[in-house]
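Structure first, then comments.
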Amino acid sequence: MPSLQDLNPPQREAVEYSGGPLLVLAGAGSGKTRVITYRIAHLIEDRGVKPENILAVTFTNKAAEQMKQRVAHLLSARLESWPHLSTFHSFAVRVLRREIGRLGYHGEFSIYDEADQARLVKGALQELGLEERTLGPRAALARISYAKNRGLSPEALYRQAADPASERLASLYARYEQKLREAQALDFDDLLLKAVELFDQAPEVALAYNERFIHLLVDEYQDTNRIQYQLIRQLCQRHQNLCAVGDEDQSIYRWRGADIQNILNFERDFPAAKIIRLEQNYRSTQTILDAATAVVSRNRARKGKRLWTDRGAGFKVALYEAWDAEDEAEFVSEEIAPALQDHAAESVAVLYRTNAQSRAFEEALRKRSLDYRLVGGFSFYERAEIKDVLAYARLAANPQDSGALLRSINTPRRGLSEATMKAVESIARGGNLSLWQAIEQELAAPSGRLSARAMRSLEGFRSLLREFAESRQRLSLPAFFRHILERTGYVDALRAENSSESEGRIENLAELVNAAAEAETRGESLSEFLDHAALVSSADQYDERARVSLMTFHSAKGLEFSWVFLAGLEEGLVPHQLSLGDEAGIEEERRLCYVGMTRARERLFLSRVSRRRSYGKELQEETRRSRFLDEVPSELIERLNDSLLTPKPRVAWTNAVNSVESVESFLGRRGRSRGRMGERSPGVAGERSRWPRGTKVRHAKYGVGTVLESEGEGEETKLTVSFPGYGQKKLLERYASLERV
DNA sequence: TTTAATGGGTTTTTT
DNA sequence: ACCCATTAAA
């Protein structure tokens, strides 16, 4: 039985309120998660609601998982059934796996991630002969997604197109949708859209879900988009038991279609709505809170809250103005090291605007042998080898999945040329078939357009897939993946490659089999495992046991740390260059800054860099401090260094030059050579080489030349040879069959 | 057919 | 600095 004594009056009111739609405006650190978990526990224990009648939607899988545990902890008895806790997307997938037949899709549809989508758009651009420079696949995709989320069909987009470019976009959109459907695939937007469409078209299904989920709780309501809003409305239509929890000051997903109006207009949308404000902050010191509030209160689009805390003032907000990114990272790690040692800080986060900024911090932390966890960036399921193998699994479930087919058909190499695939695609287009159907047709009744060799390869690929479709029924999840690895020769190909990377890839694949084994013990089917892989978010990588975490401002939402470093507070970064266009964009950046600041419990460090290299350019550019820095009252700030007029390198110059590492990085940074530095220094052709400089050699095609340089040894020797009349050529000894003259 | 070099274009944040 | 498409070479 949850003790409501643990709650303050407004929290308690929010937990107990039962009069219909409820909006809880929960300021940062005001116990939002607590309200949701207590409310769920209260519904179950005190009001006799069956757990399975409760649906709670969170932003990440991790948040859902955490909430589940906390609810379990609050309850005195073990539950017969569980409340359904998930993200919008996973919820939609669950519904669709059962019901999508009503919309003419196969229940084993594939989920397309951004890479699959880009491939599709690229194909569509080619087919339509629209390979224009003005609209890359990524940009096109963004605009298609925008249209989709606004409920615009390709036809509607076409009708309202004002210029030829918009018309082209509309036809691209149409082709893209057609290709998705052919592949029996849904993109991320579709997951939500199709769920809404389903509930629209099949009221009896909507009703069934209304009856199943009598109580609906939505976390992070400020970040819901239009489609999610529609879904929420459909789900709570009957019982009106919606409890939305959010904070308009933390709305940071506008670029993904989040509509801050959803929270600002809650009372208009739900006329009988009750609004409760949680304004007591339990997380941060007064100083941190004041600093953050000073920034965000410049925004106009707010409902307004007054956050307070009964914790003391604490430390001032520290400000460090760094010379360059390395200096900034050096500062951060220098502060962190002793704090971890003497436990002045239990947990530390270094937050930045863009993932690209993480590198400097990683280097600095590693140099001090400080353990850290990086959240975001490249996730496990985004690695090429993982996606390759998952593509085979996807095909076993859904052979129409052209994206997966294109990905897997020639990896590992099966000798299918680009020309062959072009021909297959053209056969598919001609007969209005999926790629898989085209292959089947071609094998059954050869048109003669493909070489005998290509036909053999396709035959092999087909029997492989048929085998997988069968073995999938028979084998356990991990055994199925092992089977794929073996039969496709994927691991063998990696072994043969024998490069520094291939070893890591093989390990990753072993890890994939492990993940499958874990899924198996959770009782997941292949579909569910694949869904999970498609829907993991980068925020899910966060490991609360880590003492130092590196992540973007966005990923940090919902988390808290004893110490927080906000790095790179410069114009163009925070606020970001691309958000400077309109006031709404600036306001969102300001909220982002607010979210970052309010993650801190004890200490907040702000830093900026005065010279930053952009796009790996040679030249570092002068930066300007973020306007948000000026919005923090100066009496709350303690400057850690005087000014940038007299920059002094933090690392002693002599040290920096003498250490091998810094010499290398020095050379690496200044040097013009491409590729990774110091990995393979061009060997001077010395006496020990079999091909000393000046050796005369004969080449079958170029005739006699003079060796200028040789790299590597034995079979791998690479020679630079100057041939009169042909210029310099780089040749591999192994292939070039050179003759000494 | 496959692989490595080269040149051109690009990057916010992510379910 | 990184990703991609194109091209040269075996």
Side-chain angles (χ1 to χ4, degrees), chain A residues 57-63 86-93 111 113-115 118 122 131 133 136-139 142 145 149 187-192 220 223-225 227-228 252-258 351-357 359 375-379 382 384 410 412-420 451 453-454 457 497 499 531 534-541 551-557 568 572-580 585 588-589 591-592 595-596 613-618 668-669 674-677 699-702 718 726 729-737:
Chain A
V57 190
T58 60
F59 208 67
T60 64
N61 300 298
K62 193 127 218 165
S86 73
T87 63
F88 272 108
H89 287 85
S90 338
F91 171 74
V93 168
I111 300 172
D113 66 11
E114 217 168 318
K122 223 173 281 173
E131 288 158 287
R133 241 143 278 191
R138 258 182 91 96
S145 169
N149 278 307
D187 64 19
F188 282 134
D189 296 326
D190 281 337
L191 295 179
L192 303 173
E220 311 282 12
D223 283 322
T224 51
N225 66 25
I227 311 299
Q228 289 164 332
I252 54 175
Y253 285 95
R254 187 176 80 117
W255 50 274
R256 214 172 65 196
L351 308 183
Y352 36 78
R353 181 64 227 269
T354 65
N355 280 307
Q357 288 168 260
R359 180 173 294 242
V375 178
F378 230 50
S379 96
E382 281 170 305
N410 207 26
R413 310 253 173 227
R414 293 196 177 82
L416 287 160
S417 69
E418 206 178 318
T420 305
S451 68
R453 186 186 156 139
S457 280
E497 195 182 295
S499 68
D531 289 348
L535 296 175
V536 282
S537 69
S538 69
D540 292 330
Q541 297 166 30
M551 67 186 89
T552 62
F553 286 80
H554 283 89
S555 303
K557 191 174 72 157
L573 216 43
V574 187
H576 197 275
Q577 195 66 42
L578 298 176
S579 304
L580 295 176
E588 172 136 321
E589 297 285 320
R591 291 192 291 270
L592 201 48
V595 167
R613 195 192 315 273
S614 52
Y615 310 111
K617 277 201 200 79
E618 192 85 352
R669 255 176 236 126
R674 19 178 90 253
R676 244 151 272 148
M677 304 308 153
H699 184 273
K701 196 160 147 199
Y702 305 119
K718 211 182 282 177
Y726 292 95
K729 299 282 168 197
K730 292 205 182 237
L731 306 166
L732 269 176
E733 182 190 335
R734 178 145 52 127
Y735 294 114
S737 55

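Given the structure is predicted, the values throughout are model-derived calculations rather than measurements. Labels below follow one simple rule: chain letters A, B, ... track the order of the sequence lines, proteins then strands, and each chain is numbered from 1.
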Presence of A/K557 side-chain N/O under 4.0 Å of B/dT14 phosphate oxygens OP1/OP2: no
Measure CD/A/E114 against C1'/B/dT15 and give the value in whole Å, please. 10 Å
Detail all sub-3.5 Å separations between protein N/O atoms and N/O atoms belonging to nucleotides 1-3 of chain B.
residue : atom : partner : partner atom : Å
B/dT3   : OP2  : A/R413  : NE           : 3.2

Nearest-Å distance, CG (A/D223) to P (B/dT13)? 16 Å
For the pair made of NE2 in A/H576 and C1' in B/dT14, what is the distance, rounded to whole Å? 14 Å
Could you list the residues that satisfy side chain to side chain contact (heavy atoms under 4.5 Å, CB included) with A/A115, not counting sequence neighbours? A/D113, A/K387
At under 4.0 Å between heavy atoms, what does A/F59 touch on the DNA or RNA strands: base, sugar-phosphate, or nothing? sugar-phosphate
Would you call A/Q228 and A/H89 a side-chain contact if the rule is heavy atoms closer than 4.5 Å? yes
C/dC4 and B/dT13: how far apart are their P atoms, nearest whole angstrom? 15 Å
Pi stacking test for A/W255 and B/dT13: under 5.5 Å apart, planes under 30°: yes
Specify the separation, in whole Å, of atom CG of A/L578 and atom C1' of B/dT11. 8 Å
Whole-Å distance between B/dT14 P and A/R256 CZ? 9 Å
Of the listed nucleotides (B/dT15, B/dT13, C/dC2), which one gets closest to any side-chain atom of A/H554? B/dT13
Looking only at side-chain N and O atoms, does A/S90 come under 4.0 Å of OP1 or OP2 in B/dT15? no
Taking NZ, NE, NH1 and NH2 as the nitrogens, is one of them in A/R254 or A/D223 under 4.0 Å from a carboxylate oxygen of the other? no
Mind telling me whether A/F59 and A/Y253 have parallel, tilted or perpendicular rings, with 30° and 60° as the class edges? tilted
Interatomic distance, A/N355 CG vs C/dC3 P [rounded to whole Å]: 13 Å
A/K122 NZ to C/dT6 C1', in whole Å, measures 14 Å
Of A/S555 and A/R138, the one whose closest DNA chain B nucleotide lies more 5': A/R138
Under 4.5 Å between any side-chain heavy atoms of A/W255 and A/L578, yes or no? no
Listed partners of A/N149 passing side chain to side chain contact (heavy atoms under 4.5 Å, CB included), at least two apart: A/S145, A/D189, A/N225, A/I227
Rounded distance in Å - CD1 (A/I111) to P (B/dT15): 14 Å
Does the A/S457 side chain pair with the main chain of A/R414, one donor and one acceptor, at a distance under 3.5 Å? yes
